[in-house]
Amino acid sequence: HSLAASAMDTAQIVKEGLKIGQNRIIPEFVFMDPRGVGLWDGMGYQAVSDAILAFDTQRAGIYGDGARPPSNEDGTPNETLADQTTRLVQLVSGLETQYSGDTILLIFPDGTGPALLSCLMAGIPLQDVHILDLQPGEVRWNVSPSTIWTLYNARRHDTKFMELYQSRLQHGQEEILKLQHIQMNKRDEIQETQQRMMEEQYYHTQQMTKHQQEVQQQEAKQERQDQ
């Protein structure tokens with residue numbers, strides 16, 4: 001069951017609860033997608049989640065152009081926060097054009113997407129985006145720069161929240177080392193596979209060359225006998 005499907009299921013529940021028409025539900029499968037994490041995609045959710053938190057906090061920078069996850073051979077996107085920002089800006093631009101003046105409810109498939117949008121609205125450094133991460137099922141109403149700053153400052157001065165945040169940060173640093181080890185092993189596996197394919201290709205080429213030489217020698221011998 002994909003994250004997008006879960007978001008659509010939530011939209012259907014909201015539609016029924018608010019008694020609005022199906023035409024008011026607008027599917028979106030690009031701009032609101034979760035950030036692509038490349039090689040880390042498909043690994044344990046909590047491990048990768050904490051690793052990304054630590055990665056962004058330490059390396060993303062104010063504008064989110066650092067902390068790019070490792071790439072994957074299968075083409076899975078490996079985005080920085082800045083890359084995801086580009087998609088969110090396009091989302092807001094489209095909403096302003098099509099639904100100006102309307103009350104809009106955005107149902108994201110993850111908790112960092114809306115947190116990142118909040119940072120952009122309030123001018124909060126993107127490296128702190130995970131302080132504003134939403135929990136599964138969490139709803140925020142009447143979001144504005146002032147309410148975002150209020151929540152951001154409240155969480156930064158909330159001892160329990162910051163203890164949990166620091167705990168996840170430390171765990172994330174440990175997970176980064178594990179993930180990097182996996183990355184190195186996978187790179188070695190790829191190199192070994194490529195080397196084996198090259199050796200097999202070389203052997204096949206040698207065999208073909210040898211066979212052609214034997215055929216040519218046999219043909220030359222047959223020509224001499226015919227003469």
Side-chain angles (χ1 to χ4, degrees), residues 1-18 25-29 31-37 40-60 64 67 69 79-81 83-85 87-88 91-92 95 103-176 179:
H1 202 59
S2 70
L3 293 174
S6 296
M8 287 300 298
D9 289 345
T10 302
Q12 290 297 325
I13 294 172
V14 171
K15 182 203 77 168
E16 294 171 4
L18 297 180
I25 299 179
I26 311 299
E28 207 299 302
F29 300 107
F31 301 143
M32 294 172 66
D33 270 3
R35 172 184 175 188
V37 293
W40 296 349
D41 183 58
M43 298 185 181
Y45 172 78
Q46 194 59 54
V48 172
S49 177
D50 289 352
I52 287 293
L53 181 149
F55 206 45
D56 289 340
T57 301
Q58 297 172 344
R59 307 185 190 183
E79 298 179 302
T80 62
L81 290 171
D83 294 330
Q84 190 175 7
T85 291
R87 292 194 278 112
L88 291 174
L91 169 69
V92 172
L95 293 176
T103 298
I104 300 173
L105 174 63
L106 298 177
I107 302 175
F108 280 85
D110 72 324
T112 300
L116 184 57
L117 183 57
S118 296
C119 287
L120 296 174
M121 292 173 61
I124 293 172
L126 300 192
Q127 64 202 29
D128 289 342
V129 61
H130 299 289
I131 292 177
L132 294 175
D133 276 353
L134 277 75
Q135 298 303 308
E138 182 179 348
V139 179
R140 293 181 190 168
W141 302 99
N142 300 319
V143 178
S144 68
S146 61
T147 61
I148 294 168
W149 272 106
T150 297
L151 175 62
Y152 174 70
N153 287 323
R155 287 191 167 182
R156 290 185 65 197
H157 293 91
D158 184 326
T159 303
K160 290 185 178 180
F161 177 86
M162 291 308 298
E163 284 178 354
L164 177 60
Y165 186 85
Q166 290 299 325
S167 175
R168 290 189 61 199
L169 181 61
Q170 182 177 353
H171 179 246
Q173 292 170 338
E174 296 170 355
E175 291 300 328
I176 287 175
L179 291 169

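Sequence positions, counted from 1, serve as the residue numbers for this chain. As the structure is a prediction and not an experimental result, all values here were calculated from the model.
- No side-chain heavy atom of Cys119 sits less than 4.5 Å from a side-chain heavy atom of Asp128.
- Each of Leu179, Ile176, Asp50 was checked for a side-chain contact (heavy atoms from CB on, under 4.5 Å) with Phe55, and the lone residue meeting it is Ile176.
- One finds the CD1 atom of Ile148 at 7.5 Å from the CG atom of Leu132 (value rounded to the nearest 0.5 Å).
- The structure places CH2 of Trp40 at 5.0 Å from CD1 of Ile52, a figure rounded to the nearest 0.5 Å.
- Taking every heavy atom of both residues into account, Met43 and Val48 meet most closely at CB-CG2, 3.7 Å.
- Remark: the Thr80 side chain and the Asp83 side chain contain an N/O donor-acceptor pair separated by less than 3.5 Å.
- Residues Ile25 and Val14 fail the side-chain proximity criterion, which asks for heavy atoms closer than 4.5 Å.
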Intermediate values then yes/no, side chain to side chain contact (heavy atoms under 4.5 Å, CB included), Thr112 and Arg35 | CA-CA 8 Å; Thr112 300; Arg35 172 184 175 188; 5.8 Å; no
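- By the 4.5 Å heavy-atom criterion applied to side chains, Leu88 and Leu91 are counted as neighbours.
- Within the model, atoms OG1 of Thr57 and CG of Leu53 stand 4.5 Å from one another, a figure rounded to the nearest 0.5 Å.
- A donor-acceptor contact shorter than 3.5 Å is absent between the side chain of Asp41 and the backbone of Val37.
- No donor-acceptor distance shorter than 3.5 angstrom exists from the side chain of Ser167 to the backbone of Glu163, with no hydrogens or angles considered.
- Rounding to the nearest 0.5 Å gives a distance of 9.0 Å between CE of Met162 and CG of Leu169.
- No side-chain heavy atom of Val92 sits under 4.5 Å from any side-chain heavy atom of Met121.
- With hydrogens and angles disregarded, a donor-acceptor distance shorter than 3.5 Å links the side chain of Ser118 to the backbone of Pro114.
- Between Pro109 and Pro34, the closest heavy-atom pair is CG-CD, 3.6 Å.
- Closest heavy-atom contact between Ala54 and Gly172: CB-C, 3.7 Å.
- Within a 6.0 Å sphere centred on CD of Glu174, heavy atoms belonging to other residues, nucleotides or ligands number more than 12.
- Under the 3.5 Å distance criterion, the side-chain polar atoms of Arg155 are matched with a main-chain donor or acceptor of Ile131.
- To the nearest 0.5 angstrom, Leu116 atom CG is 5.5 Å from Leu126 atom CG.
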Output, in order, the C-alpha distance, side-chain angles, deciding distance and verdict of side chain to side chain contact (heavy atoms under 4.5 Å, CB included) for Leu117 and Leu106.
-> CA-CA 11 Å; Leu117 183 57; Leu106 298 177; 3.9 Å; yes
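- Other residues, nucleotides and ligands place no more than 12 heavy atoms under 6.0 Å from the CZ atom of Arg156.
- In this structure, the side chains of Asn142 and Thr147 stay at 4.5 Å or more apart for every pair of heavy atoms.
- The closest side-chain heavy-atom distance from Gln127 to Leu81 is not below 4.5 Å.
- Considering His171, Arg168, His130 in turn, Arg168 is the only one that fulfils the side chain to side chain donor-acceptor pair (under 3.5 Å) rule with Ser49.
- In this pair, Tyr165 and Phe161 present their aromatic rings parallel. The plane angle is below 30°, not in the 30 to 60° band.
- The CE atom of Met32 sits 9.0 Å away from the CG atom of Asp110 when rounded to the nearest 0.5 Å.
- A 4.5 Å side-chain heavy-atom check between Val129 and Gln84 finds every atom pair outside the cut-off.
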